[in-house]
Amino acid sequence: MTATLKWGFIFLLAFALFSIPVTLGTFNGLDQNTTVSLQNLFTVSLDTPLSLFSLLGSFEISTLILVFVLAKLGPKKSLIVLTVFFLGIGLELLGKIFLYHPGPPSLFFRYNLGFYFPSGAIQTGHSYPSGHSYRTAFLTYLLIYLLRTGKRLKPGVKKWLSVSLLLILLIMLVSRISLGEHWTTDVIGGLLLGASFASFSIYLIQTGFLRPNRVK
């Protein structure tokens, strides 16, 4: 078992174990206190830019970004990575359907664009794990791997691009909470799930069956 595959299972196990106390309500107090603290820290003036930023993590936009990135790998390889990506989305939806964890009440809601992609109309009644967090974590982990294995970019450029990607991920995670769309535990669950399925995708890329073309 390679280190990448091992980390995929570690993240998946961490997600499964973390889900138990989440559904039991163990972290309810922490969730509410974190939301209140972040909303006090992030003024209302930041709601619009954070709302715009959150559109990047929507199913529609994140999938388009992933398809564009995977164009470097060729159709067959892209299809397999996309399959893993959608399997993770399936697990995310199962969590929202079967794991009892109501989302933040409307008094915390601060998304203010008045616009949603069609995927935003899907309501399961529960909020764990966060789909935005899953998709953004998956993309971030995968992109950093592709950057690190690319030959055309200088090490310094790779470093700053990787840091930028991690910053985007951090802003996305924080925006879920500050906009009152998810609890902190939802975000952590999505992060673990995204890291897990991205690791599985990278493992497939690293094997002889899915050896990647170098990123140009």
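This structure is a prediction, so every number in the text was calculated from the model and none was measured. Quick note: numbers below take in every heavy atom, side chains included, and nothing from hydrogens, waters or symmetry partners.
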Colleague: Report yes if the side chains of L99 and S19 come closer than 4.5 Å at any heavy-atom pair, otherwise no.
Modeller: yes
Colleague: With a 6.0 Å cut-off on the ring centroids, do Y203 and F200 count as close?
Modeller: no
Colleague: Could you state the interatomic distance from NZ (K151) to NZ (K158), rounded to the nearest 0.5 Å?
Modeller: 6.5 Å
Colleague: Is there a donor-acceptor contact under 3.5 Å from the side chain of H132 to the main chain of S54?
Modeller: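 Between the backbone of S54 and the side chain of H132 there is a qualifying donor-acceptor contact (under 3.5 Å).
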Colleague: Kindly say whether the aromatic ring centers of F197 and Y141 come within a distance under 6.0 Å.
Modeller: no
Colleague: Is there a side-chain contact between E60 and S119 in this structure, where contact means two heavy atoms from C-beta onward sitting under 4.5 Å apart?
Modeller: yes
Colleague: Looking at P102 and W183, what are the two nearest heavy atoms and their distance?
Modeller: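 Minimum heavy-atom separation between P102 and W183: O-NE1, 2.9 Å.
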Colleague: Please tabulate, for the side chains in residues 79-92, all donor-acceptor contacts under 3.5 angstrom to protein atoms that are two or more places apart in sequence or on a different chain.
Modeller:
| unit_1 | atom_1 | unit_2 | atom_2 | d |
| --- | --- | --- | --- | --- |
| T83 | OG1 | L79 | O | 2.8 |
| E92 | OE2 | K96 | NZ | 2.9 |

Colleague: Look at the side-chain heavy atoms of Ile, Leu, Val, Met, Phe, Trp and Tyr, link any pair under 4.5 Å apart, and say whether V163 and L153 land in one connected group.
Modeller: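 Each belongs to a different hydrophobic cluster.
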Colleague: Please assess F15 against S196 for the test side chain to side chain contact (heavy atoms under 4.5 Å, CB included), listing each intermediate value before the final yes or no.
Modeller: CA-CA 9 Å; F15 169 77; S196 173; over 6 Å; no
Colleague: If we only count heavy atoms from C-beta on, is the S178 to L50 side-chain gap below 4.5 Å?
Modeller: yes
Colleague: Which distance, rounded to the nearest 0.5 Å, do you find between the CZ of F42 and the CD1 of I177?
Modeller: 9.5 Å
Colleague: Examine V36 and L46 and state if one hydrophobic cluster contains both, with Ile, Leu, Val, Met, Phe, Trp and Tyr joined whenever side-chain heavy atoms are less than 4.5 Å apart.
Modeller: no
Colleague: Quick check on the 6.0 Å ring-centre criterion: do F98 and Y100 meet it?
Modeller: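 That pair fails the under 6.0 Å test.
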Colleague: Where do G57 and T136 come nearest, in terms of heavy atoms and distance?
Modeller: CA-OG1, 4.1 Å
Colleague: Test of understanding: with side-chain contact (heavy atoms from CB on, under 4.5 Å), list the residues that count as partners of N33, not counting sequence neighbours.
Modeller: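 Applying side-chain contact (heavy atoms from CB on, under 4.5 Å) to N33 gives none.
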Colleague: May I ask you to decide if the ring planes of Y134 and F138 are parallel, tilted or perpendicular, using 30° and 60° as cut-offs?
Modeller: tilted
Colleague: Taking atom CG of L167 and atom OG1 of T140, what is their separation to the nearest 0.5 Å?
Modeller: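 Answer for the CG-OG1 pair, L167 versus T140, is 10.5 Å.
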Colleague: So, for P129 and G95, which heavy atoms are closest and what is the spacing to 0.1 Å?
Modeller: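 Here P129 and G95 meet closest at CD-CA, 4.3 Å.
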Colleague: For a quick check under 3.5 Å, do T4 and T2 share a side-chain donor-acceptor pair by atom type?
Modeller: no
Colleague: First locate atom CG of L146, then atom CG of L139, and finally report the distance between them rounded to the nearest 0.5 Å.
Modeller: 10.5 Å
Colleague: Would you check if the side chain of T207 reaches a backbone N or O of L204 as a donor-acceptor pair within less than 3.5 Å?
Modeller: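 Side chain of T207 to backbone of L204: a pair is present.
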Colleague: Could you go through D186 and H101, starting from their C-alpha distance and side-chain angles, then the distance that decides it, and tell me whether this counts as side chain to side chain contact (heavy atoms under 4.5 Å, CB included)?
Modeller: CA-CA 9 Å; D186 301 334; H101 195 243; 2.9 Å; yes
Colleague: Would you check if the distance from the ring center of F18 to the ring center of F27 is below 6.0 Å?
Modeller: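 Centroid distance F18-F27: below 6.0 Å, so yes.
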Colleague: Is it possible for you to say whether L13 and I202 belong to one hydrophobic cluster, with membership spreading through side-chain heavy-atom contacts below 4.5 Å?
Modeller: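 Different clusters: L13 never reaches I202 through Ile, Leu, Val, Met, Phe, Trp or Tyr contacts under 4.5 Å.
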Colleague: Side chains of M172 and S175, heavy atoms from C-beta outward: is any pair under 4.5 Å?
Modeller: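 When only atoms from C-beta onward are counted, S175 and M172 do touch, with a gap below 4.5 Å.
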Colleague: Any side-chain heavy-atom pair from I10 and K6 closer than 4.5 angstrom?
Modeller: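 A side-chain contact under 4.5 Å exists here.
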Colleague: Considering non-hydrogen atoms only, spot the tightest contact between G190 and A137 and give its length.
Modeller: O-CB, 4.5 Å
Colleague: Is a side-chain donor or acceptor of S78 paired with a backbone partner of L70 at a separation under 3.5 angstrom?
Modeller: yes
Colleague: Do the non-hydrogen side-chain atoms of T149 and I205 ever get within less than 4.5 Å of each other?
Modeller: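 Side chain of T149 against side chain of I205, heavy atoms only: no contact under 4.5 Å found.
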Colleague: Would you name the heavy atoms of I20 and T23 that are closest together and state the gap between them?
Modeller: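 In this case the closest contact between I20 and T23 is O-OG1, 2.9 Å.
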Colleague: CG/L5 to OG/S199 distance, rounded to the nearest 0.5 angstrom?
Modeller: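 OG of S199 is found 9.0 Å from CG of L5.
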Colleague: Taking a hydrophobic cluster as the set of Ile, Leu, Val, Met, Phe, Trp and Tyr residues connected by side-chain heavy atoms closer than 4.5 Å, whether directly or through intermediates, do L170 and W160 fall within one such cluster?
Modeller: no
Colleague: Taking atom NE2 of H182 and atom OG1 of T35, what is their separation to the nearest 0.5 Å?
Modeller: 11.5 Å
Colleague: Can you check side chain to side chain contact (heavy atoms under 4.5 Å, CB included) on L193 and L12, steps first, answer last?
Modeller: CA-CA 6 Å; L193 195 63; L12 188 59; 4.2 Å; yes
Colleague: As a quick check of understanding, evaluate side chain to side chain contact (heavy atoms under 4.5 Å, CB included) for T185 and T26, giving each step before the final call.
Modeller: CA-CA 10 Å; T185 47; T26 305; over 6 Å; no
Colleague: Over all heavy atoms of both residues, which pair between F108 and Q39 is shortest? Give the atoms and the distance, please.
Modeller: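 F108 and Q39 have their closest heavy atoms at O-NE2, 2.6 Å.
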Colleague: Answer yes if L107 and L41 sit in the same cluster of Ile, Leu, Val, Met, Phe, Trp and Tyr residues linked by side chain heavy atoms under 4.5 Å apart, and no otherwise.
Modeller: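 No: no chain of side-chain contacts under 4.5 Å links L107 to L41.
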Colleague: Tell me whether the count of non-hydrogen atoms from other residues, nucleotides or ligands lying under 6.0 Å of CZ in F68 goes above 12.
Modeller: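 12 or below, so no.
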